[in-house]
Amino acid sequence: KSEYPIAVHLGGRSSAWCRAGSFRAQSQAITVPTFARQPKTDCTRGRADSARGMDWGYTQLVGGLRFNVLKWDQLIDWDGRAKAEGEFFIEKLREHGATKVLDVATGTGFHSVQLIEAGFQVTSVDGSPTMLARAFENARKRGHILRTIQADWRWLNRDVHDLYDAVICLGNSFTHLHDENDRRKALAEYYATLRHDGILILDQRNYDAILDHQIEPSHNYYYCGDEVRAAPEYVDESLARFKYDFADGASFHLNMFPLRKAYMERLMKDVGFQRVTTYGDFKETYRGTEPDFFIHVAEKRYRNQEAEG
């Protein structure tokens, strides 16, 4: 949300932070890019604090590690990101007739605010009260009052009691789920809160390019801050560890699960979505260059193939 996106995590009102750092080491490591050849780090660090669901003021536990929430906006650069994205998400929502949107990866509020200003009815969800507080303040400064809900994705409908035309999970947030059961449960919760013809818009970093082609992300779209560098330190089939270096000398690490594009598309269909259309850096056709990010648009509307045929 984010990469506040990264900014969205799970951790309901009294629950743990979605198994932060709970991944298992991959038994069959693959060849990693030269920029990622680092000794494998013990990324279970911080699990005890995560399990207690602790908030560190403006320092938030993300992926089992501490990350200053105030750095999210510096990382993103709201103006730069708005220019890079254009009206892609607004257009996709309008194409599907959506007016009521659930932002499940609110982070510091970028997309919630963008959609409110475009005329959508938005409810903003995050697992972190710290992130929601920051998002609320960002929206207030722009003349908006966010409708916020703190909720764990795995039990989303326990706290969200409404149906929506669209659910958005943006900012590479979904890669913070390291357990497949959690991923399936979260997607099922998104599906359940959608109307019969609703859509899910979910984005992810192009981990295929990093894993298979040793391509370092250009961060032209999602990481728009001029004074921030985001690069992978270690990558294998079960872990993508990114380092974020800021101009003031601060450095942070985030641990993510490297979702492959085909796997993610299959997972969404497994939970019931009928059609999944994938875009690369906001384009449906992206041959020739590897996109930094994939954006999946998953449709819930039931399609009777025999009737359509």
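- Distance check, rounded to the nearest 0.5 Å: OG1 of Thr193 to CG of Asp159 gives 11.0 Å.
- Contacts of Asn181 classified as side-chain contact (heavy atoms from CB on, under 4.5 Å), with partners at least two apart in sequence or in another chain: Asp179.
- One finds no salt bridge joining Arg134 and Glu137 here, because no Lys/Arg side-chain nitrogen approaches an Asp/Glu carboxylate oxygen to under 4.0 Å.
- Using a 4.5 Å cut-off on side-chain heavy atoms (C-beta onward), Trp155 and Lys185 make contact.
- The distance from the CG atom of Leu267 to the NE2 atom of His296 is 10.0 Å, given to the nearest 0.5 Å.
- With rounding to the nearest 0.5 Å, the separation of CG in Leu254 from CZ in Arg241 is 9.0 Å.
- Applying the side-chain hydrogen bond (donor to acceptor under 3.5 Å, both in side chains) criterion to Gln274, with sequence neighbours excluded, gives no partner residue.
- The ring-ring contact (aromatic ring centres under 6.0 Å, His included) search around Tyr191 returns Phe273, not counting sequence neighbours.
- Checking each of Asp165, Leu93, Asp103 against Phe120 for a side-chain contact (heavy atoms from CB on, under 4.5 Å) leaves exactly one that passes, namely Leu93.
- Between Lys269 and Glu265 there is no salt bridge, since no side-chain nitrogen of the basic residue lies less than 4.0 Å from a carboxylate oxygen of the acidic one.
- Residues Ile90 and Leu115 have side chains in contact (heavy-atom distance under 4.5 Å, counting atoms from C-beta outward).
- Annotation for Arg147: atom CZ does not count as buried by contact number, only 12 or fewer foreign heavy atoms lying within 6.0 Å.
- Cation-pi contact between Arg183 and Phe257: present, with separation from the ring centre below 6.0 Å and deviation from the ring axis of at most 45°.
- The pair Arg158-Glu189 does not meet the salt-bridge criterion, since no charged nitrogen lies less than 4.0 angstrom from a carboxylate oxygen.
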